[in-house]
There are 2 protein chains.
Amino acid sequence: MGTPLSRDPIAEARRNWEEHGWADVAAPMAAITAIMRTQQILLARIESTLKPFGLTFARYELLALLSFTRKGSLPMNKASALLQVHPTSITNAVDRLERAGLVDRSPHPTDGRTTLIELTTAGRTLAKRSTAALNAEVFSAPGFDPGDVDHLIRILGAFRRNAGDFEE
Amino acid sequence: MGTPLSRDPIAEARRNWEEHGWADVAAPMAAITAIMRTQQILLARIESTLKPFGLTFARYELLALLSFTRKGSLPMNKASALLQVHPTSITNAVDRLERAGLVDRSPHPTDGRTTLIELTTAGRTLAKRSTAALNAEVFSAPGFDPGDVDHLIRILGAFRRNAGDFEE
DNA sequence: TGAATATACTAGGACATCCAATGGTTGGGC
DNA sequence: GCCCAACCATTGGATGTCCTAGTATATTCA
């Protein structure tokens, strides 16, 4: 999106907060803004790696999830819950994956309300290849200090549990 | 989006990675996925707080940025650089803010190519009120352990500098 | 000075996400 | 056995982001 800035814009924002009398919330504001920006950078890298495969991150996530199930199939509402996105996003993703021949829709054998998503052979192959690409190009050199990775997992895990993502 | 899951889906994904022989990248994968999910949760909170003001996060960011400048005005390309989003996203946001009477567009006095975004009185007022709401409802109780906030700022700051966001 | 290049904004298209509303399907309570 | 609340997937509309041009203005340099 352009050349590097001479100063960290988030540190700048933090200073603005402190100067306006909001010093008590300046640090959390900076942390939250940093998460927003970090997500943006990581998403761009992932999308760039997936582009040659004709996949977006949303569609990749669904494909990968299916590839990890025993039968390569999953009810749509289950996918929605596990990926933690709205049912409409699943509908959208399945529409496109189906049109690309990577998954099929089939009726649930006993519950007439639910639809099963099934991985095709082409879908399973693409899941493998795109995962290998992500591992090689993104996850193997994420840009974090190795020691920081565990910190992040712990801090964000606590946050997500706190936010009601999961229990335990 | 539903009820809490019984197990952490990201820890689950990490196990899948390890079982498939990708143990060397399983931890970074988990960290990156956790950042994605955390951003999603935080964004939802922010949007929910801004909704009563008729603002989205993208429009709020622009409004807040303008409110911190001396004159309450900024060239569009400057806004694009500081917020680190595509120029077209700025065009889109200014279109809507202008329609809402919160900003005005005016020609740059010396450079005929650039357009200045100017905060209106209504825009300045709304920036103040919506910032107060965010401080009260989101930033004052972010859901992180207080000690973790500084960790996050440091880890993500290093990552962003590494990614070329800024220098120094 | 005049052509080539660089910069700034906008227009249109693709994709993802959320929300609200709709139409089937199930299953528990009476 | 029947009815209605709960559940499931889809559709349509609004918003945001990025990409690919396209138009206009500035700047550079031969």
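To find a chain, count down the sequence lines: A is the first, B the second, and so on, and within it residues start at 1. Because only heavy atoms are used, hydrogens play no part in the values below, and waters and symmetry mates are left out as well, while side chains stay in.
At least one donor-acceptor pair under 3.5 Å links the side chain of A:Arg45 to the backbone N or O of A:Pro142. Not one N or O on the side chain of A:Thr114 forms a donor-acceptor pair closer than 3.5 Å with the backbone of A:His108. Looking at A:Ser48, its side chain never comes within 3.5 Å of a backbone N or O of A:Ala44 through a donor-acceptor pair.
If you check residues 91-103 of chain A against DNA chain C, the residues with a heavy atom closer than 4.0 Å are A:Asn92, A:Arg96, listed by number. Near DNA chain D, meaning a heavy atom under 4.0 Å from it, residues 59-78 of chain A has A:Met76, A:Asn77 in order of number. Of the residues in residues 122-136 of chain A, not one places a heavy atom less than 4.0 Å from an atom of DNA chain D.
Where A:Ala58 and B:Thr114 meet DNA chain C, the nucleotide closest to each residue was compared, and B:Thr114 sits on the side nearer the 5' end.
B:Leu65 is not connected to B:Leu116 by any chain of hydrophobic side-chain contacts under 4.5 Å among Ile, Leu, Val, Met, Phe, Trp and Tyr, and they are in different clusters.
Here A:Arg14 pairs with A:Glu18 in a salt bridge; the nearest charged N to carboxylate O distance falls below 4.0 Å. Using a cutoff of 4.0 Å between basic side-chain nitrogens and carboxylate oxygens, A:Asp8 and B:Arg161 are not scored as salt-bridged.
The side-chain contact (heavy atoms from CB on, under 4.5 Å) test with A:Leu62 is passed by exactly one of A:Leu55, A:Leu82, A:Leu97: A:Leu97.
Atom CD1 in A:Ile90 sits roughly 11 Å away from atom P in C:dA16 (whole-Å rounding). In this structure, B:Ile46 places its CD1 atom 15 Å from P of C:dC18, rounding to the nearest Å. Rounded to an integer number of Å, the gap from A:Gln39 CD to C:dA16 C1' is 12 Å. We find that CD of A:Gln84 is positioned 19 Å from P of C:dA16, with the value rounded to whole Å. What separates CD of A:Glu47 from C1' of D:dT17 is a distance of 10 Å, to the nearest Å. Put simply, CG on A:Leu43 is 10 Å from C1' on D:dT17, counting in whole angstrom units. A straight line from CG of A:Leu55 to C1' of C:dA14 spans 15 Å, rounded to a whole angstrom. Here D:dC18 presents its P atom at 16 Å from CZ of A:Phe57, a figure rounded to the nearest Å.
B:Tyr60 places a side-chain heavy atom less than 4.5 Å from the side chain of B:Thr131.
Rounded to the nearest 0.5 angstrom, A:Met36 CE and B:Gln84 CD are separated by 14.0 Å. Distance check, rounded to the nearest 0.5 Å: CD1 of A:Ile10 to CZ of B:Arg160 gives 3.5 Å.
Residue-environment remark: CZ (B:Arg7) stays at or below the threshold of 12 foreign heavy atoms within 6.0 Å. More than 12 heavy-atom neighbours from other residues, nucleotides or ligands sit within 6.0 angstrom of CZ on A:Arg15.
Between the side chains of A:Trp22 and A:Asn16, no donor-acceptor pair is found at a separation under 3.5 Å.
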| Which is it for B:Ser73 and B:Leu119 under the side-chain contact (heavy atoms from CB on, under 4.5 Å) test, yes or no, and what are the steps along the way? | CA-CA 6 Å; B:Ser73 73; B:Leu119 214 49; over 6 Å; no

What does the list of N/O pairs under 3.5 Å between the protein and nucleotides 20-23 of chain D look like, with a distance for each?
none

Polar pairs (N or O, both sides) under 3.5 Å between protein and nucleotides 25-27 of chain D?
| unit_1 | atom_1 | unit_2 | atom_2 | d |
| --- | --- | --- | --- | --- |
| D:dA26 | OP1 | B:Gly112 | N | 2.6 |
| D:dA26 | O4' | B:Arg113 | NE | 3.2 |
| D:dA26 | O4' | B:Arg113 | NH1 | 3.4 |

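For the OP1/OP2 pair of C:dT17 and a distance below 4.0 Å, the side-chain nitrogens and oxygens of A:Ser89 include at least one atom meeting the criterion. Contact check, B:Gln40 against C:dT17: no side-chain N or O comes under 4.0 Å of OP1 or OP2.
Contacts of A:Asp145 classified as side chain to side chain contact (heavy atoms under 4.5 Å, CB included), with partners at least two apart in sequence or in another chain: A:Asp148.
Ring-plane geometry between B:His20 and A:Phe68 is classed as perpendicular, the angle between the planes exceeding 60 degrees on a 0 to 90 degree scale with a lower cut at 30.
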